[in-house]
Amino acid sequence: MNFETARIGGGDQPTKSGVGDLTLGFSVWPVQPSNPETGTTLGVTAFVTAPTGQYEAAKVSAGSGTWTLTPQIGFIQGLGQGLYFDAMADVAVTMDHTESGQKIERSPATQVQAYLRKQFGQKTSVSFGLSSQRGGKIKVGGADTGQRTERDQIRLYANTFVTPTVQVQGMLAKDVNSDGGFRNDVVAELRFLKVF
């Protein structure tokens, strides 16, 4: 991940570019339709994010410096002709940690996402939708920093399986509302998924 600029109150902030944290996930599907093209699917996923990324407390960086557990529930409604409505809701619970003798606390942060997806066969899809995040208030040494996770973002996703078990995912996004944190003009992500 590369940060070209980060500003607070118009002033440039120091940045640390590099690899982000590693996230592992596990999903179960308690509701599966007999016909996915028009049926309803419900999934439950648990994500664990490890503090493996490039992190420096005094800089805007790709890593978080601590562990996060994110349970998520997902809903898929088949609309026919390769169209789907996808919706997800999750809550990220981040462990407290200490930096330079100061306790860093972050309250749980919720996220709701909704997308319209077009599936092109079994391997490739494109989605467009909205993500909304709330919560995540940060305290340092018990004092509220004013930082929180309050963001509304439009997103465009595309993914394809390059082998039967390896998927490449790409995302472009833009914040349409942001309060208590950095506003992203443009976000670009590239991810690789390995299915075991």
Any donor-acceptor pair under 3.5 Å from [X] side chain to [Y] backbone:
X    : Y    : result
T52  : L22  : yes
T149 : Q133 : no
S107 : K137 : yes

Interatomic distance, [X] atom [atom1] to [Y] atom [atom2] [nearest 0.5 angstrom]:
X    : Y    : atom1 : atom2 : answer
Q119 : Q81  : CD    : CD    : 14.5 Å
R148 : R134 : CZ    : CZ    : 11.5 Å
R155 : K174 : CZ    : NZ    : 14.5 Å
F161 : S125 : CZ    : OG    : 9.0 Å
T160 : K123 : OG1   : NZ    : 7.0 Å
Q153 : D175 : CD    : CG    : 4.5 Å

Can you name the closest pair of heavy atoms from [X] and [Y] and give their distance?
X    : Y    : result
M88  : G74  : CG-CA, 4.1 Å
S34  : P36  : O-CD, 3.7 Å
P71  : D90  : O-CB, 3.1 Å
A92  : T68  : CB-CG2, 3.9 Å
F196 : K194 : CZ-CG, 3.4 Å
G43  : P30  : CA-CD, 4.2 Å

Problem - Between N159 and Q169, a side-chain donor and acceptor under 3.5 Å - result: no
Exercise for the section: Scan side-chain atoms only and decide if S131 and Q113 contain a donor-acceptor pair under the 3.5 Å cut-off. Expected result: no
Are [Y] and [X] connected into the same hydrophobic cluster when the rule is that any two of I, L, V, M, F, W, Y join if their side-chain heavy atoms are below 4.5 Å apart?
X    : Y    : result
V162 : F192 : yes
L116 : F75  : yes
V48  : M95  : yes
M171 : V186 : no
L69  : W67  : yes

Mind checking whether [X] and [Y] have side chains closer than 4.5 Å, heavy atoms only?
X    : Y    : result
R117 : F128 : no
T70  : Q111 : no
K103 : D96  : yes
L83  : Q77  : no

Problem - R183, CZ atom: more than 12 neighbouring heavy atoms under 6.0 Å - result: yes
Practice task
Please check if atom NZ in K118 has more than 12 non-hydrogen atoms from other residues, nucleotides or ligands closer than 6.0 Å.
Solution key: yes
